[in-house]
Amino acid sequence: MTSAENDQSPRDSRVAVVGGGAIGGFTAAQLSSAGWPVTVCVRTPFDQLVLDTPNGRVHADVEISADPATQQLADWVLVTTKAQDTAGAAAWLARLTGPNTVVVLLQNGVDHAERVAGLVDAGTVLPALVYAPVERVAPGHMVWHAAGRFVVPTGQQATRFSELFAGTDVEVDVTDDFRTAAWRKLLSNIAANPLTALTLRRMDMMREPDVRALATTLMREAVAVARADGADVDDQDVQRIFTMWDSFDPGGGSSMLYDRLAGRPLEHEYLTGAVVAYAERHGVDVPLNRAMLTLLRALASS
């Protein structure tokens with residue numbers, strides 16, 4: 001991780017990261033290392049934020065707050081909760097956001113802005129996709145397994161967001177077609193996430209021929225839905241996802257697997273559930289994703 005120079009003065013913009021899970025902890029630690037003043041907003045406070053990286057352990061210099069009433073307006077509010085927990089950030093958003101605040105939704109799924117409709121009265125909402133295999137192993141303790149990359153739509157705020165992460169280990173990509181980018185991210189999520197969560201296996205399973213065949217069918221169904229929704233995706237995207245998985249640490253997992261191992265609610269309604277919902281909207285048949293959603297719902301209710 002790149003650290004700020006010792007003689008660098010504190011940066012002026014104030015950053016609040018809502019959510020102290022894997023992505024929240026990873027993001028806060030990265031920004032702190034670049035010299036930004038960061039507050040991590042959580043339900044349950046912890047003593048310190050620790051990030052284990054491929055280059056060693058980092059103890060992040062951040063404020064940890066569990067009380068929205070103690071906070072003031074922030075320049076940046078990065079929402080890193082799971083998609084189904086967005087409404088739970090309402091008190092933080094009300095306290096932290098103003099006309100000049102940029103609210104960044106670092107979440108899975110394809111309908112980011114809709115989740116904060118009615119929760120953000122002022123400021124700008126910037127959706128973002130996260131490619132960062134990070135595992136929360138204890139409160140305030142994250143393990144980062146591989147490279148980190150965020151994707152945001154083109155615009156003035158995208159430029160500022162890229163500048164925010166200058167000096168960190170996070171690459172920020174800007175795209176003119178965020179809808180396509182969101183569906184591409186969802187393609188990998190609707191295969192690796194449910195398969196690892198249901199089997200309690202890690203990413204090594206995605207290299208097995210039978211599992212790859214199953215994952216291929218899941219993703220090809222989603223490709224048909226995405227194309228019906230106007231996204232520019234095809235079977236080449238499926239192959240690129242396999243290439244990406246092959247580069248991962250085989251001992252790593254998916255966010256859904258980590259949630260199941262920790263006894264946390266699963267995010268299936270915003271992943272597999274999104275594919276099924278859009279399939280119904282566009283009249284596309286997705287039998288395998290429907291079966292997977294049934295299994296995930298049964299698991300969630302057990």
Full working for side chain to side chain contact (heavy atoms under 4.5 Å, CB included) between D75 and N100: CA-CA 7 Å; D75 300 282; N100 298 319; 5.7 Å; no
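- By the rule that hydrophobic residues join a cluster once side-chain heavy atoms approach within less than 4.5 Å of another member, L164 and Y131 end up as members of separate clusters.
- A donor-acceptor pair under 3.5 Å is formed between the side chain of D249 and the backbone N or O of G251.
- For the pair L296 and M256, the minimum side-chain heavy-atom distance is below 4.5 Å.
- Under the 3.5 Å distance criterion, the side-chain polar atoms of R136 are left unmatched by any main-chain donor or acceptor of A22.
- Within the model, atoms CG of L187 and NZ of K185 stand 11.0 Å from one another, a figure rounded to the nearest 0.5 Å.
- A 4.5 Å side-chain heavy-atom check between C41 and L96 finds at least one atom pair inside the cut-off.
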Side chain to side chain contact (heavy atoms under 4.5 Å, CB included) between L78 and V103, intermediate numbers included: CA-CA 6 Å; L78 278 52; V103 179; over 6 Å; no
Show your working on side chain to side chain contact (heavy atoms under 4.5 Å, CB included) between L195 and V211 and close with a plain yes or no. CA-CA 8 Å; L195 291 176; V211 176; 4.2 Å; yes
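- In summary, the side chains of Q71 and E63 do present a donor paired with an acceptor at a separation below 3.5 Å, with no hydrogens or angles considered.
- A distance of 5.5 Å separates CD in E269 from CG in L293, rounded to the nearest 0.5 Å.
- Aromatic pair F165/F150: ring centres closer than 6.0 Å.
- Hydrophobic clustering (side-chain heavy atoms under 4.5 Å, transitive across Ile, Leu, Val, Met, Phe, Trp, Tyr) keeps L266 apart from V134.
- A donor and an acceptor atom, one from each side chain of T154 and D176, are located under 3.5 Å apart.
- Under the 3.5 Å distance criterion, the side-chain polar atoms of R227 are matched with a main-chain donor or acceptor of V233.
- W183 has its ring centre less than 6.0 Å from the ring centre of Y278.
- Here D111 pairs with R179 in a salt bridge; the nearest charged N to carboxylate O distance falls below 4.0 Å.
- At a threshold of 4.5 Å between side-chain heavy atoms, the hydrophobic network of Ile, Leu, Val, Met, Phe, Trp and Tyr places Y270 and Y258 in two separate groups.
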Check step by step if side chain to side chain contact (heavy atoms under 4.5 Å, CB included) holds for I64 and V42. CA-CA 7 Å; I64 300 166; V42 298; 4.0 Å; yes
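- Not a single donor-acceptor pair under 3.5 Å links the side chain of T80 to the backbone N or O of L106.
- Note that the CG atom of D235 and the OG1 atom of T216 stand 9.0 Å from one another [nearest 0.5 Å].
- Among all heavy-atom pairs drawn from S254 and A192, the shortest one is OG-O, 3.9 Å.
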Apply the test salt bridge (Lys or Arg N to Asp or Glu O under 4.0 Å) to residues R212 and D246: give CA-CA distance (whole Å), side-chain angles for both, the deciding distance (0.1 Å), then the verdict. CA-CA 11 Å; R212 289 176 86 95; D246 289 342; 3.1 Å; yes
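- A salt bridge links R290 with E280: the distance from a Lys NZ or Arg NE/NH1/NH2 to an Asp or Glu carboxylate oxygen falls below 4.0 Å.
- Using a 4.0 Å cut-off between a side-chain N of Lys or Arg and a carboxylate O of Asp or Glu, D234 and R220 do not qualify as a salt bridge.
- Closest approach of D52 and H141 over heavy atoms only: OD2-NE2, 2.7 Å.
- The pair K82-D85 does not meet the salt-bridge criterion, since no charged nitrogen lies less than 4.0 angstrom from a carboxylate oxygen.
- Cluster membership for L257 and I241, using ILVMFWY side-chain heavy atoms within less than 4.5 angstrom, is not shared.
- S301 places a side-chain N or O within donor-acceptor distance of the main-chain N or O of A298, the cut-off being under 3.5 Å.
- For the pair L271/P194, no side-chain contact is recorded, criterion being any heavy-atom separation below 4.5 Å from C-beta on.
- Between H112 and Q107, the side chains place no donor N or O within less than 3.5 Å of an acceptor N or O (distance only, hydrogens not considered).
- Heavy-atom contacts from other residues, nucleotides or ligands closer than 6.0 Å to CG of D61 number 12 or fewer.
- Counting heavy atoms from C-beta outward, N108 and L186 have side chains that stay 4.5 Å or more apart.
- Closest approach of V62 and A28 over heavy atoms only: CG1-O, 4.1 Å.
- One finds the CG atom of L51 at 9.0 Å from the OG atom of S33 (value rounded to the nearest 0.5 Å).
- Taking 4.5 Å as the limit, some side-chain heavy atom of F178 sits within range of a side-chain heavy atom of L129.
- Once rounded to the nearest 0.5 Å, the distance linking CG of L214 with CD of E208 reads 11.5 Å.
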Could you give me the CA-CA distance, side-chain angles and deciding distance for N193 and H268, then say whether side-chain hydrogen bond (donor to acceptor under 3.5 Å, both in side chains) is met? CA-CA 8 Å; N193 275 271; H268 53 282; over 6 Å; no
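- Classified by interplanar angle (parallel below 30°, tilted 30° to 60°, perpendicular above 60°), the ring pair F161/W76 is tilted.
- Expressed to the nearest 0.5 Å, how far CZ of R260 lies from OG of S255 amounts to 14.5 Å.
- In this structure, the side chains of R57 and V50 come closer than 4.5 Å at one or more pairs of heavy atoms.
- For the pair R149 (side chain) and E171 (backbone), a donor-acceptor distance under 3.5 Å is absent.
- Between T124 and Q157, the shortest heavy-atom distance links the atoms CG2-CG, 3.8 Å.
- The closest side-chain heavy-atom distance from M219 to I190 is below 4.5 Å.
- Considering every non-hydrogen atom in both E163 and W36, the closest pair reads O-CZ2, 4.4 Å.
- Ring geometry, W144 versus F26: the interplanar angle falls from 30° to 60°, so the pair is classed tilted.
- Remark: the backbone N or O of A29 is not paired with any side-chain donor or acceptor of S32 at under 3.5 angstrom.
- Residues D204 and R201 are paired through a salt bridge, judged by an N-O separation under 4.0 Å between the basic side chain and the carboxylate.
- Two residues are said to be in side-chain contact when any heavy atoms from C-beta on lie closer than 4.5 Å; V116 and V125 meet this criterion.
- At a threshold of 4.5 Å between side-chain heavy atoms, the hydrophobic network of Ile, Leu, Val, Met, Phe, Trp and Tyr places V143 and V17 in two separate groups.
- Within the 3.5 Å criterion, the main-chain N or O of A83 finds a donor-acceptor partner in the side chain of E267.
- A 6.0 Å sphere centred on CZ of R207 holds more than 12 heavy atoms belonging to other residues, nucleotides or ligands.
- Although no hydrogens or angles enter the test, the distance criterion places a donor-acceptor pair under 3.5 Å between the side chain of S247 and the main chain of M244.
- With respect to the salt-bridge test (charged N to carboxylate O, under 4.0 angstrom), the residues R184 and D237 qualify.
- Of all heavy-atom pairs spanning A215 and W245, the tightest one is CB-CZ3, 4.2 Å.
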